[in-house]
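Comments concern the structure below.
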Amino acid sequence: MGSVLALSSRPGRQNSPFPQDRPLSRWDKRDGRLPNPGSFDGLHRNCKDVFPQQVEGIKMIINKTLSSFFKVSHTFHLSAVAPSNYRFHVEYLQSDSDSKETSSPMLIGEMDSSGSLNAHSLFHLSERIRAKAVFQTQQSQFVTWQFETEYRGSDFTAAVTMANPDILRESVIMVAHFLQSVSPQLVLGGELVYHRGRAEEGGILTLAGQYSGPNWVATLNAGKGGAHASYYHRANKHIQVGVEFEASTRTQETTFSFGYQMELPEANMTFRGMLDSRCIIGGVLEKRLCPLPATLIMGAFVNHRGDKLQVGLGVNVG
């Protein structure tokens with residue numbers, strides 16, 4: 001299941017509001033000890049980052065750094081598929097140099113022109129413990145409130161998430177994650193999702209494993225709800241490829257996807273493409289407009305089975 005909620009579309013490729021790529025730190029392998037395996041949500045991250053993010057309509061993103069700990073962005077999106085909207089995004093960054101991630105956002109908020117709000121907060125309670133809270137509203141209605149506590153040991157990670165607790169309706173969703181580094185290459189763990197309501201109650205257990213080679217990563221999640229397998233391979237410093245397989249017992253559907261990323265540093269360009277078993281082909285080209293602080297984004301996705309075409313153009317400034 002992963003995170004119960006992720007912040008909706010915002011500048012950049014990161015779906016999580018908190019940094020994903022970081023330099024070696026005290027959490028990584030040192031003195032021959034096993035490394036910390038990271039979070040459960042990040043098991044398939046290397047593969048997913050290779051795939052292009054769907055682009056549709058016309059979008060302009062303006063980013064502004066007001067200080068060393070305060071950033072804002074404005075997003076204007078004109079769409080022919082969904083209502084056009086404006087989003088205001090703000091980040092307050094921590095300035096504690098002793099924190100695990102020295103530039104990790106502490107408070108993040110985003111509001112669109114319809115009045116819907118996404119808010120995230122992250123607090124490092126100690127060197128190994130961090131707490132996270134997520135709130136989401138749709139216009140004037142609360143739709144999600146989520147609280148998570150994570151503990152990172154020297155070679156394991158444990159986390160507990162509680163989402164949408166409602167005493168009156170006697171409903172709650174609980175998610176527990178655990179990952180253990182068995183060897184420098186092998187990580188094993190699992191996820192337990194428990195949901196309770198007036199009409200139903202149940203749980204789903206998912207087991208997970210990840211094996212890393214010198215330039216590749218293979219990951220598998222399998223449980224009662226289905227299976228999710230991914231393979232990431234870095235061919236060289238400019239080319240990366242990823243393969244994903246997903247099967248769901250609830251929808252009785254399986255999908256297979258292939259994606260790749262190619263960087264052309266001499267031309268300041270990055271291209272990402274994908275093809276899946278639903279006959280969807282897509283690609284996104286990002287071109288840095290040097291010496292301007294801007295990036296041009298062009299994308300197109302074709303659904304041959306549904307006879308649909310989506311084309312997008314965007315500019316990211318700042």
Side-chain angles (χ1 to χ4, degrees), residues 2-3 6-22 41-61 63 73 75 77-82 87 89 210 212-213 215-219 228-246 255-290 292-306 308-318:
S3 290
L7 189 67
S8 59
S9 59
R10 54 179 293 250
R13 287 188 46 76
Q14 298 177 352
N15 291 325
S16 170
F18 304 114
Q20 301 170 351
D21 298 321
R22 54 183 174 85
D41 298 335
L43 286 176
H44 297 275
R45 184 171 297 152
N46 288 329
C47 182
K48 287 185 176 296
D49 284 347
V50 172
F51 286 77
Q53 298 294 315
Q54 192 159 351
V55 180
E56 188 276 325
I58 300 176
K59 179 180 292 187
M60 173 173 283
I61 304 170
N63 305 293
S73 69
T75 302
H77 186 200
L78 300 178
S79 173
V81 178
R87 291 181 180 271
H89 181 90
Q210 183 181 79
S212 304
N215 59 347
W216 57 272
V217 179
T219 308
H228 181 192
S230 69
Y231 175 78
Y232 164 83
H233 188 93
R234 189 177 188 93
N236 54 50
K237 63 180 181 179
H238 299 312
I239 300 177
Q240 304 172 60
V241 297
V243 179
E244 271 194 312
F245 173 82
E246 294 183 84
T255 59
F256 176 84
S257 305
F258 169 78
Y260 65 95
Q261 173 180 315
M262 180 172 57
E263 298 180 5
L264 302 174
E266 297 82 2
N268 295 318
M269 291 195 306
T270 300
F271 180 80
R272 296 180 177 91
M274 60 86 66
L275 167 67
D276 68 15
S277 57
R278 296 169 297 179
C279 298
I280 298 177
I281 301 175
V284 173
L285 175 67
E286 299 179 7
K287 166 69 175 177
R288 293 184 293 277
L289 305 177
C290 297
L292 300 176
T295 301
L296 177 65
I297 304 171
M298 297 178 290
F301 288 79
V302 181
N303 185 339
H304 290 278
R305 184 176 298 173
K308 296 180 180 178
L309 171 66
Q310 288 189 354
V311 179
L313 176 66
V315 177
N316 194 331
V317 181

If every non-hydrogen atom of F51 is compared with every non-hydrogen atom of S257, which pair is closest and at what distance? CE2-CB, 3.6 Å
Is the closest side-chain heavy-atom distance between M274 and I280 below 4.5 Å? yes
Test item: Q210 side-chain N/O and L43 main-chain N/O as donor-acceptor pair under 3.5 Å: yes
Quick one: side-chain hydrogen bond (donor to acceptor under 3.5 Å, both in side chains) partners of Y231, sequence neighbours excluded? H233
So does K48 get a backbone contact from the side chain of R45, meaning a donor-acceptor N/O pair under 3.5 Å? no
Do I281 and H304 have side chains that get closer than 4.5 Å, going by heavy atoms? yes
For Q310, give me all partners under side-chain hydrogen bond (donor to acceptor under 3.5 Å, both in side chains), at least two apart in sequence or on another chain. Q54
If you compare all heavy atoms of V55 against all heavy atoms of L313, which two are closest, and at what distance to 0.1 Å? CG1-N, 3.9 Å
Test side-chain hydrogen bond (donor to acceptor under 3.5 Å, both in side chains) applied to T295 - qualifying residues, sequence neighbours left out: none
M269 and M262: CA distance, side-chain angles, deciding distance, side-chain contact (heavy atoms from CB on, under 4.5 Å) verdict: CA-CA 9 Å; M269 291 195 306; M262 180 172 57; over 6 Å; no
Kindly write out the residues that satisfy side chain to side chain contact (heavy atoms under 4.5 Å, CB included) with T255, not counting sequence neighbours, or none if the list is empty. E246, S277, R278
For H238 against N236, the heavy-atom pair lying closest together: N-OD1, 2.8 Å
All heavy atoms of N63 vs all of S73, minimum pair found to be OD1-CB, 3.2 Å
When you compare the side chain of E244 with that of H228, does any pair of heavy atoms fall below 4.5 Å? yes
Evaluate R288 against T270 for side-chain contact (heavy atoms from CB on, under 4.5 Å), listing each step before the verdict. CA-CA 9 Å; R288 293 184 293 277; T270 300; 4.2 Å; yes
Would you please classify the geometry between the F271 ring and the Y260 ring as parallel, tilted or perpendicular, with 30° and 60° separating the classes? tilted
Using distance alone, with no hydrogens and no angle criterion, decide if E56 and S79 have a side-chain donor and acceptor under 3.5 Å apart. yes
Residue pair C290 / N268: nearest heavy atoms and the distance that separates them: SG-ND2, 3.6 Å
Which residues share a ring-ring contact (aromatic ring centres under 6.0 Å, His included) with H77, sequence neighbours left out: none
Report yes if some heavy atom in the side chain of I297 is under 4.5 Å from a heavy atom in the side chain of V284; otherwise report no. yes
For P52 against G282, the heavy-atom pair lying closest together: CG-O, 4.4 Å
Apply side chain to side chain contact (heavy atoms under 4.5 Å, CB included) to L78 and list each qualifying residue two or more places apart in sequence or on a separate chain. I58, S84
Hey, are the side chains of E286 and R272 touching, using non-hydrogen atoms and a 4.5 Å cut-off? yes
Which of T219, N46, V243 passes side chain to side chain contact (heavy atoms under 4.5 Å, CB included) with Y232? Answer is N46
